[in-house]
Each structure stands twice: as structure tokens, then as C-alpha cells.
Amino acid sequence: MIRLLIIGRPGSQWADRLHQLELQDLEIDHERLPSAGIRRFEASPADLIIIADDQGGERVEILAGAIRSRPLGQLVPLILICPLPESERVQATTDTLDLVAWLPPETDPETLIARIGAALDVSLTSSPTPASPAPRAAQTPPGQAEQPSSPAEPQPSSPEPSRVFRAGELTLETIDTGATRRVDRDQVFPQRDYAHPEASVDAEVIRRKLKAVRHEDYYAILEVRRGADTQPIREAFHRLYARFDARHIDFQTAHAFEDALLEIRDALEDAWAVLGDPALREPYLRHTLRP
């Protein structure tokens, strides 16, 4: 059995694509966050690791370097699936991290399986699909002519469902509830008090935070100083993660910016996964140190 570990947000999508190939002797695990993927690898080493990221960038190379820094990580084949930078950087990174391959996100699953098979020197084949037995024709006894098939008899139509239900001596009849009563939304979802500054998340705050998570580094995303320890990083993550929770924001605003809030919280999780783990935080800080 070959064990494959996929780390990254698109990991579940790649696992589904590979599962659809119905390959024999292939077990696939995937973890969304880098720290969880490293913990799984240390607890149960895989035969090959894939790091998948739709955006790519320095965090992919940092995660690959963190895996290579582990004793077992120096031996396992490693494949990156993310946007390709310039060819010189691809070649340099491939040589430095001893990568099996650096593939773009649009790579098809068959090509990926071919690279995996070449790296592990195995042949991965699909499971055979069992053929369904053909229906056996009815045999006619010897000396007896075949009888023409008679048309199927029409089935009696089912009676109209009764509105009276009887169980033993108990008789239940449907009750006419009358017109549907409208529910006042303000009674079910009472208006929140936005006087506290931490609770005041409007459209402009969401837009600014979305821009930050797309263009800033992990320290800026969590709004902590560079070089901060684990405790203030943890506090900042929990504070921001709760602040941009759709349940803590006005209903109309949360509905209009649903995708943006999901992207912000995903970025917060990524930042916490790296900065919250000292084994990942130190190389990230060295790699992104500003002159």
C-alpha cells in the first residue's frame, strides 16, 4: 500500500480527483493547514508528499523547507502543485529542495499519477470494474413451441391517499392549521449592539481586511509585530477570527460579503498555522525579513 499525503487548501480537491481514478494500492490523506500536515507526517510518515496551493508564493517553499528540515522529511519524495514562477527560480528551488516535480494547478490527475509512479518506481493501475452478468433468457422445454409473450397486465392504480390514519383503536385526522403565520425576523434575529468597536464590522472594514490578506504577509494579516511570540499571535488570531465571523456581523452585510469573509478567515487560519508553530515561524521570519 502506497501512502500519499496532500497538504494545502486544494488538497481535498486533488484527493477527490485521484480517488476518481480508482487506483489500486493507493491510500490518500490530506490536511488543509501546514502545521496539521506536518503533524500527520510526523505521526504517520507518507511515501510521498504533495503541497498544493492555488496561489503559490513563498509560503509553499517555506513549508517544503520545513518538511525537509525533519529527519524523515529528507527522504520522502516531494511534489509542488502551484503556479510556476520564472524558470530560473523553478530550477533553483527544485535543486535546493530536491523536488520530484513542480506542476501547475491545471495539471491533470493522470500526469500527476505518472510523476508519482516514476518517483516511487511503481506502476499504479486502476481497479478492474466488475462486469455485470448478462440476463439469462428463459429456456423452452424440448418439444414445446415457444409461446408468444403476452403483454404486461396493467397494474391497478393506487388509491388516493387518505387523510385519516388509523392505528388500532386510535384514529388520527389531519388538522387544518389555516393560513401560514409570518415570523418577525427581528424577534428571531435581534439586532446587535454595534457600539463596541470590535463588533463594528461594516462593508469598508471587510474590504480593507480583504485587501490586506491578499497583499500583506502573515504578521500584517494577524496585526502583530514581526518577531512576536506564540501567545500574542494566538490572541490576535482568536480575536480577528471571531471578529470576522458572519454570525457576529449584520445579516445583510454578512450575506453580501459571504465569500470575502470566508477568504479572510481562510487567510487567518493559514497565518496562524505558520506563525503559531515555532518550527514554521522561525524560517518564515528569516525568509521574509525586510532589510
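Start at 1 with the first residue, then count along the sequence. The analysis underlying the following values was restricted to heavy atoms, covering all of them including side chains, and did not include hydrogens, waters or symmetry mates.
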Asker: Hey, any chance Leu210 and Leu262 share a hydrophobic cluster, counting ILVMFWY side chains that come within less than 4.5 Å of each other, even indirectly?
Answerer: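 Unlinked, Leu210 and Leu262 end up in two clusters.
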
Asker: Could you grab the distance from atom CD of Glu110 to atom CG of Leu18, nearest 0.5 Å is fine?
Answerer: 9.5 Å

Asker: Between the side chain of Thr96 and the main-chain N/O of Thr93, is any donor-acceptor distance below 3.5 Å?
Answerer: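 No, because the side chain of Thr96 does not come within donor-acceptor range (under 3.5 Å) of the backbone of Thr93.
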
Asker: Answer yes or no: is there a donor N or O on one side and an acceptor on the other, between the side chain of His30 and the main chain of Leu5, under 3.5 Å?
Answerer: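 A pair under 3.5 Å: no.
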
Asker: Could you see if Ile50 belongs to whatever hydrophobic cluster contains Leu33? Use Ile, Leu, Val, Met, Phe, Trp, Tyr and a side-chain cutoff under 4.5 Å.
Answerer: no

Asker: Applying side-chain hydrogen bond (donor to acceptor under 3.5 Å, both in side chains), run through Gln231 and Arg234 and close with a yes or a no.
Answerer: CA-CA 5 Å; Gln231 182 61 27; Arg234 180 187 296 109; 2.8 Å; yes

Asker: Would you say that Pro77 contacts Ile49 through its side chain, given a criterion of any heavy-atom pair below 4.5 Å between the two side chains?
Answerer: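 Pro77 vs Ile49: side chains apart.
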
Asker: Donor-acceptor pair, distance only, cut-off 3.5 Å: does the side chain of Asp245 make one with the backbone of His248?
Answerer: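 No, the answer is negative, given that no donor and acceptor are paired below the 3.5 Å cut-off.
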
Asker: Evaluate whether atom CZ of Arg115 has more than 12 neighbouring non-hydrogen atoms of other residues, nucleotides or ligands under 6.0 angstrom away.
Answerer: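 Counting other residues, nucleotides and ligands, CZ of Arg115 stays at 12 neighbours or fewer.
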
Asker: What distance separates Phe244 CZ from Leu261 CG, expressed to the nearest 0.5 Å?
Answerer: 8.0 Å

Asker: Decide yes or no on side chain to side chain contact (heavy atoms under 4.5 Å, CB included) for Asp53 and Ile81, but give the supporting numbers first.
Answerer: CA-CA 6 Å; Asp53 194 309; Ile81 303 180; over 6 Å; no

Asker: If only atom types and distance count, is the side chain of Tyr284 paired as donor or acceptor with the main-chain N or O of Tyr218 below 3.5 Å?
Answerer: yes

Asker: Would you confirm whether Thr111, through its side chain, and Thr107, through its main-chain N or O, come within 3.5 Å as a donor-acceptor pair?
Answerer: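 No, because the side chain of Thr111 does not come within donor-acceptor range (under 3.5 Å) of the backbone of Thr107.
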
Asker: Out of Arg214, Lys211, Arg9, which residue meets the salt bridge (charged side-chain N to carboxylate O under 4.0 Å, His left out) rule with Glu263?
Answerer: Arg214

Asker: Does Tyr219 reach the side chain of Leu285, with side-chain heavy atoms less than 4.5 Å apart?
Answerer: yes

Asker: From the options Leu78, Val100, Leu99, select the one residue that forms a side-chain contact (heavy atoms from CB on, under 4.5 Å) with Thr94.
Answerer: Leu99

Asker: Could you check whether any side-chain heavy atom of Leu124 comes within less than 4.5 Å of a side-chain heavy atom of Ile2, counting everything from C-beta outward?
Answerer: yes

Asker: Could you list all the salt bridge (Lys or Arg N to Asp or Glu O under 4.0 Å) pairs where at least one residue sits in residues 63-87, not counting sequence neighbours?
Answerer: Glu42-Arg70

Asker: Please list, chain by chain and in numerical order, all residues satisfying side-chain hydrogen bond (donor to acceptor under 3.5 Å, both in side chains) with Ser44, sequence neighbours excluded.
Answerer: Arg3

Asker: Show your working on side chain to side chain contact (heavy atoms under 4.5 Å, CB included) between Asp277 and Thr230 and close with a plain yes or no.
Answerer: CA-CA 8 Å; Asp277 186 348; Thr230 303; over 6 Å; no

Asker: What I'd like to find out is whether the side chain of Pro105 reaches to under 4.5 Å of the side chain of Pro83, using heavy atoms alone.
Answerer: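 Heavy-atom side-chain distance check passes, below 4.5 Å.
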
Asker: With sequence neighbours excluded, tell me which residues meet side chain to side chain contact (heavy atoms under 4.5 Å, CB included) with Ala228.
Answerer: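 Checked Ala228 against side chain to side chain contact (heavy atoms under 4.5 Å, CB included); matches are Val224, Arg225, Pro232, Ile233.
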
Asker: Tell me whether the rings of Trp272 and Phe237 are parallel (<30°), tilted (30 to 60°) or perpendicular (>60°).
Answerer: parallel

Asker: Listing request: all salt bridge (Lys or Arg N to Asp or Glu O under 4.0 Å) pairs with a residue in residues 89-109, at least two apart in sequence or in separate chains.
Answerer: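 Listed once each, the pairs are Glu61-Arg89.
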
Asker: Could you check whether any side-chain heavy atom of Ile116 comes within less than 4.5 Å of a side-chain heavy atom of Leu4, counting everything from C-beta outward?
Answerer: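 The answer is yes, as the side chains (C-beta and beyond) meet within the 4.5 Å cut-off.
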
Asker: Please examine the side chains of Val76 and Phe41, heavy atoms only from C-beta on, and report whether any two atoms are closer than 4.5 Å.
Answerer: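 Yes, close enough: below the 4.5 Å cut-off.
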
Asker: Taking salt bridge (Lys or Arg N to Asp or Glu O under 4.0 Å) as the definition, give me every residue that meets it alongside Arg39, ordered by chain and number, with sequence neighbours left out.
Answerer: none

Asker: Mind checking salt bridge (Lys or Arg N to Asp or Glu O under 4.0 Å) for Glu223 and listing every partner two or more places apart, or none if nothing turns up?
Answerer: Lys209, Arg239

Asker: Leu63 vs Ile7, test: side chain to side chain contact (heavy atoms under 4.5 Å, CB included). Steps then yes/no.
Answerer: CA-CA 9 Å; Leu63 176 56; Ile7 305 176; 3.8 Å; yes

Asker: Between Pro278 and Gly276, what is the shortest heavy-atom contact and its length?
Answerer: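 Here Pro278 and Gly276 meet closest at CD-O, 3.6 Å.
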
Asker: Given side chains that start at C-beta, do those of Asp47 and Met1 come closer than 4.5 Å, heavy atoms only?
Answerer: no

Asker: Which atom pair, heavy atoms only, marks the closest approach of Thr253 to Ala203?
Answerer: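 Shortest heavy-atom separation between Thr253 and Ala203 comes out as CG2-N, 4.1 Å.
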
Asker: Is the shortest heavy-atom distance from the side chain of Ile67 to the side chain of Ile51 under 4.5 Å?
Answerer: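 A side-chain contact under 4.5 Å exists here.
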
